[in-house]
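Okay, so here's the structure we're looking at.
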Amino acid sequence: MPPTSSESRPSLACSGDVLTPPRVDAEVAGALVIAALVLTLIQYFGLANCFPVFFPGVWAELPVFHLYALLWWAGCTCVGYFLVPAWWLKWRGRSLRDYGLRMPRRSKHLWVYPAMFALMLGPLWWASGTEAFLATYPFYPFARVAPGLWLVFEAAYALQFLALEFFFRGFLVFSLHRRMGEAAILVSMVPYCMIHFLKPFPETLGAIVAGVVLGFLALRTGSVLGGVAVHWSVALTMDLLAIWRKGGLAPGVDWFGF
């Protein structure tokens, strides 16, 4: 939770002309080590392109195979971004509510979330006409020919965003905030930006801004749920724009691609 008194805020002890920074405690060290391990394991074993390596097959070109690959990625991120840090917090006797898994406790900041989504619509419209965007989205590449499978993916995608927001704006920000103050937002923003390195350049730049704004709002509201709603709404809009730009649903579409 954010500090409730001046005693729990980060401070610098002065010894002559030397400033001694706050000591790194078990919560800070644990959060950073877990973050490094989780990000490493997902990068090497949890991405969608890892699925064909672990489960090769002659049916790799079927739409359902690509769905399984994305579900593998979504499942691995849910384990890494949610279950692992949640286990660590529970082991330390912490409540997940104090790390953002609660309804927002302050309503005066909630208007920022729909405002963020509204501000994104213009850039998304422009970006959706670029080759880099259309080469990446819709995230499930067979959305136009197997929309039923795309809807299954979107449900898993939403759960992935819950895990992602909990990890970056809940677990990291709240774990580091007691010692680092609002600098915790900037610390969590760096790896969040880095996981976007394979996305289109404007989206990666946008992740820097989103990481700071969503981290700030998580601290102010005590909740990551608003960030989940914005994140998934933007992602869904990107997929829908890409489907529309490519001509909508394919003629004679088979909803489940069989």
Side-chain angles (χ1 to χ4, degrees), residues 1 27-51 54 67-92 94-103 113 139-140 152-177 184-199 203-204 206-208 210-219 221-236 238:
M1 293 180 63
E27 183 166 18
V28 171
L32 292 176
V33 170
I34 287 173
L37 289 173
V38 164
L39 290 168
T40 300
L41 291 173
I42 289 176
Q43 179 65 31
Y44 284 93
F45 303 104
L47 300 183
N49 57 16
C50 296
F51 184 79
F54 301 140
L67 174 65
Y68 291 158
L70 288 173
L71 292 181
W72 170 267
W73 163 74
C76 289
T77 55
C78 286
V79 171
Y81 288 162
F82 185 82
L83 293 183
V84 171
W87 168 83
W88 167 257
L89 293 174
K90 286 296 185 180
W91 182 73
R92 289 182 53 79
R94 307 291 197 231
S95 170
L96 299 186
R97 286 173 51 84
D98 295 335
Y99 292 79
L101 282 188
R102 57 181 296 165
M103 295 301 295
Y113 292 112
F139 210 41
Y140 175 59
V152 173
F153 162 70
E154 286 296 334
Y157 208 15
L159 291 177
Q160 182 270 156
F161 280 126
L162 174 62
L164 180 142
E165 287 296 324
F166 172 71
F167 184 77
F168 288 101
R169 258 69 72 176
F171 173 63
L172 276 178
V173 168
F174 285 93
S175 293
L176 304 179
H177 181 260
I185 298 171
L186 300 178
V187 174
S188 69
M189 174 270 293
V190 174
Y192 178 67
C193 170
M194 294 172 70
I195 67 172
H196 289 76
F197 279 174
L198 296 180
K199 299 290 187 70
E203 185 177 347
T204 305
I208 300 174
V212 172
V213 174
L214 292 175
F216 174 83
L217 289 172
L219 283 179
T221 64
S223 174
V224 302
L225 298 183
V228 176
V230 170
H231 218 149
W232 184 69
S233 297
V234 169
L236 179 61
M238 293 166 72

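Computed from heavy atoms alone, side chains included, the values below leave out hydrogens, waters and symmetry copies. In this text the structure is predicted, and so the values were computed from the model without any measurement.
- Residues M194 and F197 are in side-chain contact: their nearest non-hydrogen atoms beyond the backbone lie under 4.5 Å apart.
- For Y81 and F168, the ring centers are positioned less than 6.0 Å apart.
- Taking the side chain as every heavy atom from C-beta outward, Y157 and F161 approach each other to under 4.5 Å.
- Nearest heavy-atom pair across R97 and R102 is O-CD, 3.1 Å.
- A heavy-atom distance below 4.5 Å is not found between the side chains of V173 and V224.
- Side-chain atoms of S223 never come within 3.5 Å of backbone atoms of M103 as a donor-acceptor pair (strictly under, hydrogens ignored).
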Give the intermediate values and the outcome of side-chain contact (heavy atoms from CB on, under 4.5 Å) for residues W232 and Q160.
-> CA-CA 9 Å; W232 184 69; Q160 182 270 156; over 6 Å; no
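- Note that CG of D98 and CZ of F174 are 8.5 Å apart. Values are rounded to the nearest 0.5 Å.
- From L71, atom CG reaches atom OH of Y140 across 9.0 Å, with rounding to the nearest 0.5 Å.
- Legend: residues meeting side-chain hydrogen bond (donor to acceptor under 3.5 Å, both in side chains) with E165, ordered by chain and number and at least two apart, are R169, H231.
- Residues F166 and P85 meet the side-chain proximity criterion, which asks for heavy atoms closer than 4.5 Å.
- When all heavy atoms of A31 and L176 are compared, the pair lying nearest together is CB-CD2, 4.4 Å.
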Decide yes or no on side-chain contact (heavy atoms from CB on, under 4.5 Å) for L41 and V84, but give the supporting numbers first.
-> CA-CA 12 Å; L41 291 173; V84 171; over 6 Å; no
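- Y113 contributes atom OH, which lies 12.5 Å from atom OG of S233 (distance to the nearest 0.5 angstrom).
- The line from CZ of F139 to CZ of F153 is 5.5 Å long, rounded to the nearest 0.5 Å.
- Of all heavy-atom pairs between F82 and A163, the closest is CB-CB, 3.8 Å.
- Atom OH of Y44 sits in a sparse spot, with 12 or fewer heavy atoms from other residues, nucleotides or ligands closer than 6.0 Å.
- Note: T77 OG1 to L83 CG = 10.5 Å, rounded to the nearest 0.5 Å.
- Looking at L39, I34, V33, T40 one by one, the single match for side chain to side chain contact (heavy atoms under 4.5 Å, CB included) with L37 turns out to be V33.
- Side-chain N or O atoms of S175 include none that pairs as donor or acceptor with a backbone N or O of L172 at under 3.5 Å.
- With sequence neighbours left out, L47 forms a side chain to side chain contact (heavy atoms under 4.5 Å, CB included) with I42, Q43, N49, C50, W73.
- Between L101 and L162 the shortest side-chain heavy-atom distance falls below 4.5 Å.
- We find the OH-OG1 distance between Y192 and T204 to be 10.0 Å, quoted to the nearest 0.5 Å.
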